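A quick write-up on the structure given underneath.
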Amino acid sequence: MDDRPTMLRQETWPGREQHSPGSNPPPGKRRPSRWRRVIGGIALVLALAALGWWVDQRPAPTPPPRRFAAAGPTSVVAETAQTGDVDITLNALGTVTPLATVTVRTQISGQLTEVAFKEGQLVKNGDFLAQIDPRPFQAALEQAEGQLARDQGFLDQARVDLKRYETLAKTNAIPQQQYQDQIYIVKQYEGSVKADQAQVDTQKLNITYCHIVSPVDGRIGLRLVDPGNYVQVTDSAGLVVITQLKPITVVFTVPEDNVAQIVRRVHANATLAVTAYDRSGTTRLATGTLTAIDSQIDTTTGTLKLKAQFANEDDSLFPNQFVNVKLLVDVLHGATVIPTSAVQHGAPGTFVYLVNQDSTVTARPVALGPSSNDHVAVQSGVSPGDRVVVDGADRLRDGAMVAVRAPDRANSPASPARQPPQAAP
């Protein structure tokens with residue numbers, strides 16, 4: 001028999017390791033210790049505590065401001081509706097156009113010997129501008145006058161012969177045919193004399209044309225030809241351009257919807273005032289009158305051209321200048337007038353805030369008429385004497401309490417009586 005001690009055989013299953021109760025597990029398979037679990041719990045508690053502290057420290061959101069605070073009445077400025085006149089005007093865009101623009105050209109060919117004007121100079125009709133050498137035309141004039149004197153002598157001789165032949169023909173001393181021939185000879189010489197006289201007049205006119213004068217009143221432009229040049233009738237540029245400035249006109253357009261109103265006033269022989277403003281519409285340049293209406297409406301734009309004339313004594317209007325135009329069509333007399341700043345637009349439509357006796361406001365719908373400057377006519381909804389809010393209306397509602405303060409006169413609306421317009425919209 002085998003004397004070796006018998007040892008218990010332990011079977012080991014694949015993938016499973018057997019450890020004795022007192023042995024330690026391998027390092028990679030060791031379970032977390034109790035201390036690690038305690039530390040993790042403490043860290044979690046601290047994190048939750050920090051999050052709660054951060055939430056408590058956040059500033060509370062500010063609620064939106066209330067539009068209508070109940071702290072007290074709203075401060076506003078009010079104006080009293082009055083009775084006044086309102087101008088019914090039309091605003092338009094226009095272009096300054098001169099009454100006459102003349103290109104001064106020579107009417108004869110010759111050498112330009114003198115230029116008597118300065119660029120930009122104001123001239124009158126008939127003022128001397130330039131001179132063309134007249135000597136060739138003076139020589140032609142003398143030749144024509146010589147031809148005239150020669151033919152006039154032949155005519156005088158023929159008339160004397162005609163008178164003698166007439167006496168002889170009565171007594172049959174000469175043939176009748178000779179007398180008739182002399183009559184035709186006299187007529188021929190009369191024709192020659194007329195032709196010669198025409199030549200004399202032509203040469204005199206050419207000499208006159210050598211002395212070039214201004215055909216209109218106006219301002220001279222830049223000089224186009226210098227002295228010494230040979231100028232001809234066929235030169236298209238001319239010598240200089242003269243533009244008439246006093247008076248001057250403005251051509252502007254109005255919508256076809258307003259044509260009937262304008263024509264009705266023109267047919268009533270009314271004088272329609274027209275005011276011209278600068279490009280920005282803030283400075284009044286000149287005041288004139290409507291002088292002409294075009295004969296047809298432009299189908300592409302639906303507008304009608306009008307022309308107004310201005311005295312332009314101060315040269316405030318210049319040719320081809322762009323201007324804003326205000327045409328005074330009519331005047332509405334005795335209308336209820338309020339400042340345009342009182343008019344509000346919202347859910348009720350067009351309305352104003354009326355100030356009541358108990359210091360509350362009422363939103364009152366209104367029907368508006370024409371406006372002029374910073375005032376507008378009210379057709380219904382407001383009566384003369386009613387007080388309307390002109391400043392602070394954006395903070396009001398129907399029935400709100402208000403405290404009416406004195407207006408700032410520097411920014412307050414003008415008097416509702418008719419005022420000269422200060423700006424074109």
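Heavy atoms only: backbone and side chains are in, while hydrogens, waters and symmetry mates are out. The structure displayed is predicted, hence computed values, not measured ones.
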Practice prompt. Identify which one of Val390, Asp374, Leu368 satisfies the side chain to side chain contact (heavy atoms under 4.5 Å, CB included) criterion when paired with Thr340.
Written response: Asp374
Worksheet item: With a cut-off of 6.0 Å (strictly less than), are more than 12 heavy atoms of other residues, nucleotides or ligands near CD of Gln143?
Response: no
Item to complete: Determine whether more than 12 heavy atoms belonging to other residues, nucleotides or ligands lie under 6.0 Å from atom NZ of Lys246.
Response: yes
Worksheet item: Does a side-chain N-to-carboxylate-O contact under 4.0 Å join Asp87 and Lys326?
Response: no
Worksheet, complete the sentence: Smallest heavy-atom separation, Arg397 atom then Val361 atom, equals O-CG2, 3.5 Å
Discussion item. The test is side chain to side chain donor-acceptor pair (under 3.5 Å); show your working for Ser75 and Arg405 and say whether it passes.
Written reply: CA-CA 7 Å; Ser75 177; Arg405 70 177 188 273; 3.0 Å; yes
Practice prompt. Would you check if the side chain of Asp127 reaches a backbone N or O of Lys124 as a donor-acceptor pair within less than 3.5 Å?
Written response: yes
Practice prompt. Evaluate the side chain to side chain donor-acceptor pair (under 3.5 Å) criterion for residues Thr362 and Asn356: first the C-alpha distance (whole Å), next the side-chain angles of each, then the deciding distance (0.1 Å), finally the verdict.
Written response: CA-CA 7 Å; Thr362 300; Asn356 303 318; 2.8 Å; yes
Worksheet item: If you measure from the Lys or Arg side-chain nitrogens to the Asp or Glu carboxylate oxygens, is any gap between Asp161 and Arg164 under 4.0 Å?
Response: yes
Item to complete: State, yes or no, whether a side-chain contact exists between Val323 and Thr95 at a heavy-atom distance under 4.5 Å.
Response: no
Worksheet item: Mind checking whether Phe252 and Leu93 have side chains closer than 4.5 Å, heavy atoms only?
Response: no
Worksheet entry | Within-4.5 Å side-chain heavy-atom neighbours: Val402 and Leu396 | yes
Discussion item. Could you check whether Thr271 and Thr289, counting side-chain N and O atoms only, form a donor-acceptor pair closer than 3.5 Å?
Written reply: no
Worksheet item: Is the distance between the ring centroids of Tyr189 and Phe154 less than 6.0 Å?
Response: yes
Worksheet item: Can a salt bridge be assigned to the pair Arg219 and Asp315 using a cut-off of 4.0 Å between side-chain N and carboxylate O?
Response: yes
